[in-house]
Amino acid sequence: MMNISKRLERLKIKLIELKKEMPLEINEVIDYFLKHMTLNYEKVLWILSLNEENLKEKIYKVADIVNKTLNTDIVTLKGVIEFSNYCKKSCYYCGIRVQNDIIKRYRIPIDEIFEIAKNGVESGLTTIILQSGEDDFYSDDDLEKLIFRIHHELKTAVSISIGERSKEAYKRFRNAGASKVLLKHEAINRKIFEDVHPDKDYDLRIELLDYLVELGYITGSGNIIGLPGQTLEDIAKDIIFMKEHNIKMIGMGPFISTHNTPLENLENGSAELTLNAYAATRLTIPFAQMPATTALGTIDRNYQFKALNCGCNVIMVNLTPDEYRENYNIYDEKIKVDLLGTAQRILDMGLKIPPYTLRNLFIKEAQYGFSNERL
Ligand code: 5AD
């Protein structure tokens, strides 16, 4: 792969060329980006506020060129295992909050989690994300051993997405081989955060995020688009916050109203605004790993793929066996993002998937024929 300075040089040439076909306002964004390799709050806000189809498509194009020139046109597929839907938290938007007693709770046994991860790696995935509600049933010890096994035996990157654990625990997980963490800040506006998080863990969450960066994790965060009282200014501040706190992976999804939660009557977040946020984020944090989220795909499947041409460069595919997955309803109607179907659609769009993923998918096909069951 080309080194960074070559890629930057190439990008510069492309953007200068692109300016010829862009209107003045877009060119102001391009000029700012060329000078600073990032955007400021005002420019982010301007992109978020775009409503006109024509201008939106143009800014998506700028974000797309920046992504594909700096990070290539390979879409990384990561595998998520939702290993427990028990949660001690009370987040108002979330279907697995502790108060929701109409869902069936499950915990996947440790050995089974390992087998699912193994299958995922054999299918061509290079990152395994261990995700769950905040569930203390799995001790730090249990998770540490599991992470160690997955990382060392399967020779794969391990990412953890298990909410707030102690600093000590995160340090142990890092030493055991986890290299990435996802911990969404959800909303940097304290009032918005506290209005939907009765657990009032705002300060703890931010402190923990900074600590994770300090520990050397590739740290992921993100927000929910469409929380009560949220303005475009708030979303712009979320994006600037992530830039300033060295967040390298960014998951932003629209709010989805979920039955039997306090926000069940709130309108869903906007898919359009989510795309604007992706484009703005790509231009603000150009090297970020940014998934086209499942939440966006749940609102509109086509938008999830369109997002891959608006700055996103990752898709998280679901490895959770169906019998469990059906109950991991953090929000209603959560779609299943399957490895094979997703890989095929990415290829159909003319984009690429990593060579390891491609090769292993085809090995599986040769062995069994393409079957969603096995993948
Ligand atoms: N709508 C959108 N996103 C949600 N999440 C949880 N519940 C919802 C919902 N109703 C997101 C949060 C959380 C992640 C696991 O899923 O951002 O961090």
Side-chain angles (χ1 to χ4, degrees), residues 78 80-100 102-103 129-135 159-165 180-189 192-193 195-199 201-202 204-206 208-209 212 219-228 230 234-235 238-239 241-242 247 249-271 273-274 277-278 281 290-300 303-304 307 314-316 318 320 325 327-337:
K78 301 182 181 181
V80 193
I81 305 173
E82 297 146 335
F83 63 90
S84 162
N85 70 351
Y86 280 83
C87 190
K88 62 183 180 190
K89 286 287 178 74
S90 308
C91 309
Y92 279 4
Y93 45 80
C94 187
I96 65 169
R97 62 201 300 269
V98 64
Q99 292 83 356
N100 191 357
I102 63 173
I103 65 165
I129 305 169
L130 297 173
Q131 185 172 97
S132 69
E134 292 201 12
D135 183 6
S159 180
I160 38 186
S161 174
I162 55 173
E164 292 156 10
R165 285 249 168 177
K180 309 174 196 185
V181 173
L182 308 176
L183 184 69
K184 293 200 189 182
H185 69 280
E186 315 290 5
I188 201 62
N189 177 320
I192 293 174
F193 183 95
D195 280 350
V196 295
H197 297 105
D199 309 284
D201 47 351
Y202 181 93
L204 176 67
R205 181 85 54 111
I206 307 298
L208 198 48
L209 263 179
L212 296 171
T219 305
S221 197
N223 65 356
I224 298 179
I225 294 187
L227 287 176
Q230 186 189 54
D234 293 315
I235 299 171
D238 284 328
I239 294 170
F241 161 79
M242 291 190 279
I247 300 302
M249 304 185 292
I250 294 164
M252 297 190 292
F255 165 77
I256 297 171
S257 80
T258 300
H259 72 283
N260 206 32
T261 67
L263 298 184
E264 64 184 344
N265 293 320
L266 187 72
E267 212 180 299
N268 283 347
S270 157
L273 179 55
T274 304
Y278 290 155
T281 303
M290 185 163 63
T293 55
T294 306
L296 178 59
T298 297
I299 288 203
D300 187 325
Y303 269 63
Q304 189 180 16
V314 176
I315 287 199
M316 284 155 61
N318 199 301
T320 316
R325 187 185 51 78
N327 295 305
Y328 199 80
N329 43 348
I330 50 179
Y331 45 80
D332 283 350
E333 317 284 334
K334 185 165 171 285
I335 54 165
K336 175 179 181 180
V337 180

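As the structure is a computational prediction, the values presented were derived from the model and not from experiment. Indexing begins at 1, ligand by ligand and atom by atom, following the structure's order.
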Less than 3.5 Å between some nitrogen or oxygen of C94 and one of ligand 1, yes or no? no
Give the C-alpha distance, both sets of side-chain angles, the deciding distance and a yes or no for side chain to side chain contact (heavy atoms under 4.5 Å, CB included) between I225 and I235. CA-CA 7 Å; I225 294 187; I235 299 171; 4.1 Å; yes
Y331 backbone acceptor or donor facing Y93 side chain under 3.5 Å: no
Looking only at distances, can you tell me whether any N or O atom of Y331, backbone or side chain, sits closer than 3.5 Å to an N or O atom of ligand 1? no
Heavy-atom pairs closer than 4.0 Å: do any link ligand 1 to the side chain of I224, the backbone, both, or neither? side chain
For residues N85 and N327, is any side-chain donor paired with an opposing acceptor at under 3.5 Å? no
Is there a donor-acceptor contact under 3.5 Å linking the side chains of E82 and N318? yes
Here the atoms of ligand 1 under 4.0 Å from any heavy atom belonging to E186 are 12 (C), 13 (C), 17 (O), 18 (O)
Does S257, backbone or side chain, put an N or O under 3.5 Å from an N or O of ligand 1? no
To which protein heavy atom is atom 15 (C) of ligand 1 closest, and what is the distance rounded to 0.1 Å? I330 CD1, 3.8 Å
Numbered in order shown, the ligand 1 atoms found under 4.0 Å of a heavy atom of K184 are 17 (O), 18 (O)
Has the side chain of S132 got a donor or acceptor atom that lies under 3.5 Å from a matching backbone atom of L130? no
Looking at I224, is its backbone amide N or carbonyl O close enough to the side chain of Q230 to form a donor-acceptor pair, meaning the two atoms are under 3.5 Å apart? yes
If we check side-chain hydrogen bond (donor to acceptor under 3.5 Å, both in side chains) with R205, which of these qualifies: H185, H197, E164? E164
Please answer whether the main-chain N or O of L183 pairs with a side-chain N or O of S221 as donor and acceptor at a distance below 3.5 Å. yes
List every atom of ligand 1 that sits less than 4.0 Å from any heavy atom of P254, numbering the atoms from 1 in the order shown and giving each element. 1 (N), 2 (C)
If we number the atoms of ligand 1 from 1 as shown, the ones under 4.0 Å from a heavy atom of Y93 are 6 (C), 7 (N), 8 (C), 9 (C), 10 (N)
Close-contact set for ligand 1 against T258 heavy atoms, below 4.0 Å: 10 (N)
For atom 1 (N) of ligand 1, which protein heavy atom lies nearest, and how many Å away is it? I256 N, 2.9 Å
